[in-house]
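These numbers were taken from a predicted model, which means no experiment stands behind them. Throughout, a chain's letter reflects where its sequence line sits, starting with A, and its residues are numbered from 1.
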There are 2 protein chains.
Amino acid sequence: MIKDNLKKYVLLDDCPVRNVLDRVGDKWSILVISILGEGGTLRFNELNAVIGTISQKMLTVTLKTLEADGLVSRKIYPQVPPRVEYTLTPLGESLLPAMSLLVDWAMQNMSAIKASREQYSGRKELV
Amino acid sequence: MIKDNLKKYVLLDDCPVRNVLDRVGDKWSILVISILGEGGTLRFNELNAVIGTISQKMLTVTLKTLEADGLVSRKIYPQVPPRVEYTLTPLGESLLPAMSLLVDWAMQNMSAIKASREQYSGRKELV
DNA sequence: CGGCATCCCTTCCGATACTG
DNA sequence: CAGTATCGGAAGGGATGCCG
């Protein structure tokens with residue numbers, strides 16, 4: 001059932017599935033969306049501090065992309081020094097359930113996957 | 001709720017969430033898993049033909065990775081010319097529901113995302 | 001038929017330095 | 001504080017050619 005729909009869309013130049021999954025697949029989007037999903041509204045440096053290991057550049061790029069996609073909204077307070085707050089839009093929030101399911105699956109099956117990888121790499125070394 | 005768990009795992013060196021999401025996020029894995037999810041068992045060149053636009057190299061790499069992760073099983077028939085069949089493992093099948101949810105979300109919200117992107121890029125051109 | 005090896009171009013992403 | 005700009009290494013991925 002999925003296949004035909006999926007193939008039809010995935011192979012398009014502006015494939016929606018791929019477009020979305022590009023966000024899911026990149027290094028920081030899921031983490032940012034999840035943090036905003038729980039934290040509500042956060043400032044740039046709060047996000048930076050919570051994540052801890054992200055570079056300023058990638059946080060900027062990630063947020064800009066999510067904003068362009070309409071998943072995150074950006075509010076600027078015209079102060080000096082500036083204050084910028086980020087929040088999930090309703091569209092962004094609607095993505096949370098699907099993401100959670102995937103994250104849960106990942107955490108539940110990580111040990112099986114890890115074991116499989118070790119077995120697989122072990123196979124090679126025996127040759 | 002997600003945040004702490006997610007942060008704890010996502011920032012590890014061998015983060016399980018990222019490891020799994022790397023499969024979901026790469027260019028072909030979702031398509032291959034979905035096709036096998038519907039098609040049952042397929043040969044290498046059948047997959048190649050169904051997808052149509054994938055390079056042989058990437059199909060090989062994708063299948064090898066999925067096999068290493070234990071999501072896809074590979075069966076070789078010792079013939080000449082060789083016959084190799086691919087099937088989802090139970091672990092691979094258990095990923096289908098989460099993937100479907102994400103794919104459904106993508107297809108339902110693609111127009112909203114596209115519209116948002118156009119509006120966002122329009123903003124810049126006006127500056 | 002079902003790969004693997006190589007080349008090469010593009011994109012990702014971190015580090016660093018600078019700005020309103 | 002919240003960015004922008006630039007550089008360079010690393011990874012992704014297509015095209016091609018060879019092989020059991």
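- Counting only distance, with no hydrogens or angles, the side chain of A/Arg18 and the backbone of B/Lys27 share a donor-acceptor pair below 3.5 Å.
- Note on B/Tyr86: only backbone sugar-phosphate atoms sit closer than 4.0 angstrom, heavy atoms only; bases stay farther off.
- Here D/dG3 presents its P atom at 8 Å from CG of A/Leu59, a figure rounded to the nearest Å.
- Residue B/Met107 is grouped with residue A/Leu91 when hydrophobic side chains (ILVMFWY) are merged at heavy-atom distances under 4.5 angstrom, including chains of intermediate members.
- Hydrophobic cluster membership for B/Val80: none, as no Ile, Leu, Val, Met, Phe, Trp or Tyr side chain comes under 4.5 Å of it.
- Distance B/Leu47 CG to C/dG2 C1': 12 Å, rounded to the nearest Å.
- Side chain of A/Ser116 to main chain of B/Ala68: a donor-acceptor pair is present (N/O by atom type, distance under 3.5 Å, no hydrogens or angles).
- Atom CG of B/Leu63 and atom P of C/dG2 are 11 Å apart (whole Å).
- Per the geometry, CD belonging to B/Glu67 stands 15 Å off P belonging to C/dG2, to the nearest Å.
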Subject >> From CA spacing to verdict: side chain to side chain contact (heavy atoms under 4.5 Å, CB included), A/Thr62, A/Trp28 >> reply: CA-CA 7 Å; A/Thr62 302; A/Trp28 300 108; 3.8 Å; yes
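- No donor-acceptor pair closer than 3.5 Å links the side chain of B/Asn109 to the backbone N or O of B/Ala112.
- Rounded to whole Å, the distance from NZ on B/Lys64 to P on C/dG2 is 13 Å.
- For the pair A/Glu85 CD and D/dG3 C1', the interatomic distance rounds to 16 Å; values are reported in whole Å.
- Side chain of B/Ser121 to main chain of B/Glu118: a donor-acceptor pair is present (N/O by atom type, distance under 3.5 Å, no hydrogens or angles).
- Among the atoms of the strands shown, base atoms are found under 4.0 Å from some heavy atom of A/Thr60.
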Original post:
How does protein contact run along nucleotides 5-20 of chain C, one letter per nucleotide 5' to 3', with B for base contact, S for sugar-phosphate only, - for none, heavy atoms under 4.0 Å?
Top reply: -B------BBB----B
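- Note that the two end axes of the helix from C/dC1-D/dG20 to C/dG20-D/dC1 enclose an angle of 40°, each drawn from 5 base pairs, rounded to 10 degrees.
- Residue B/Arg43 has a polar side-chain atom (N or O) positioned under 4.0 Å from OP1 or OP2 of C/dG2.
- In this structure, the side chain of B/Asn45 does not engage the main chain of B/Asn48 through any donor-acceptor pair within 3.5 Å.
- Following rounding to the nearest Å, A/Gln79 (CD) and D/dC1 (C1') show an atom-to-atom distance of 10 Å.
- Counting to the nearest Å, the P atom of C/dC1 and the CZ atom of B/Arg74 are 16 Å from each other.
- A/Thr89 contributes a side-chain N or O that, together with a main-chain N or O of A/Gly70, makes up a donor-acceptor pair within less than 3.5 Å.
- Close to C/dG3, at under 4.0 Å from its OP1 or OP2, lies no side-chain N or O of B/Arg83.
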